[in-house]
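Counting convention: from 1, in listed order, for ligands and their atoms alike.
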Amino acid sequence: MIKFLDLQAVNARFQDEITARFNAISGSARYLLGEENANFCKHFSAFCGTNYALGCGNGLDALRLIIQAYGFSKGDEIIVPANTYIATILAITENGCTPVFVEPDINTYCIAPDLIEEKISERTKAILVVHLYGQACDMAKIWELAKKYNLKIIEDSAQAHGACYQNKKVGNLGDASGFSFYPGKNLGCFGDGGAVTSNDEELYLKVKAIANYGSHIKYHNIYKGINSRLDEIQAAVLDIKLKYLDEDNAKRRIIAEKYCTSIHNPAIILPQVKDKNSHVWHVFVVRTAKRDALQNYLKEKGIETIIHYPIPPHKQEAYKEYNALSLPITEKIHREVLSLPMSPVMKENEAEFVIETLNNWKAE
Ligand SMILES: *Cc1c(COP(=O)(O)O)cnc(C)c1O
């Protein structure tokens, strides 16, 4: 069987290095906010090109911490693409803010820059962009709008570690960015982990305090904070894997290139790539009107696929207040997308088998 993502093989490559660090941590009895965390944050901010990076508990926390630290709350609106993982929306609503949904560009699946301005109101505080599937959003127009209306740009970079826009890395394309290190992400740890990156010292220090019970100094609590920290074990795994991230992203690009040049099936729509060298292919998403039939066919042939995602946030039961909204492009995407096997350990012959199988598919 061809797995969607062979995580065991992904991490087996670092096993010896990781075991050695685990032993050191175990012996040190320093499990939180120690050297591993400090080292990883230093290296990750350098990787992104930002002045600061703060480790936290997960990607959702990274985003909600940013929104809380900016002081956005009830009555404030945040512009967000309608087609994203639920965490992006939860980060907004957990702070009491209102998500204002914008349709994506049907070709890139990222927020459509031309549809943003009409959604900006007196109450708008920020544009939360999502670099979906591993491709950076088209930022030029978004930068312009943020400046014109004095809005913050928050990035959800959970799917795009290492992706670039105009030679700048994601995480450094706005005012602050949230990352997830969930095991299956391009940079993933051995459980939950996340980070906030920014060039804004004030924001960074505030997020740092809020993530640690609202205190800069132990037992002095200046904010109503939360407990969201990146532990030493996860930081160690990430610090090791970070060294190989660019290389791994390049391997994903090779598989993607193969898919893009060799899948020829009129019933299957391939992803459109703005800049081949800067997409990091967290997932390789194709689209077809007969999505479920294609998924079943591939399953029968031994090819595992995943749908990112089957139900858009505004149609979720948890968001009944938005269920009546009509967002046709978003809804079409959710009906039609399918993610093919993709990882830095995928073998050439596996990719070839996927290609051949797709080319032989007849959509009835
Ligand atoms: C994974 C993901 C998150 C959430 O990250 P967690 O670490 O699971 O909390 C947020 N946004 C997007 C786009 C994601 O893919």
Practice item. Just jot down the salt bridge (charged side-chain N to carboxylate O under 4.0 Å, His left out) partners of Lys125, sequence neighbours excluded, or say none. Key: Asp76

**Study point:** Side-chain heavy-atom pair Ser339, Thr305 within 4.5 angstrom cut-off
**Key:** no

Point to revise | Axial cation check for Phe14 ring with Lys241, 6.0 Å and 45° limits | key: no

Review point. Which protein residues have a heavy atom closer than 4.0 Å to any atom of ligand 1, listed by chain and number?
Key: Asn58, Gly59, Leu60, Tyr85, Ala87, Thr88, Val130, Asp156, Ala158, Gln159, Ser180, Lys185, Tyr309

Residues 101-115, side-chain donor-acceptor partners within the protein, below 3.5 Å, at least two apart:
| residue | atom | partner | partner atom | Å |
| --- | --- | --- | --- | --- |
| Glu103 | OE1 | Thr330 | N | 2.8 |
| Glu103 | OE1 | Thr330 | OG1 | 2.6 |
| Glu103 | OE2 | Ile329 | N | 2.9 |
| Asp105 | OD1 | Asn107 | N | 2.6 |
| Asp105 | OD1 | Thr108 | N | 3.3 |
| Asn107 | OD1 | Gln272 | NE2 | 3.4 |
| Thr108 | OG1 | Cys110 | N | 3.2 |
| Tyr109 | OH | Arg287 | NE | 2.9 |
| Asp114 | OD1 | Lys141 | NZ | 3.4 |

**Study point:** Sequence neighbours excluded, every pair satisfying side-chain hydrogen bond (donor to acceptor under 3.5 Å, both in side chains) that has a member inside residues 22-37
**Key:** Arg21-Glu36

**Study point:** Residues Arg123, Glu77: salt bridge by 4.0 Å N-O rule
**Key:** yes

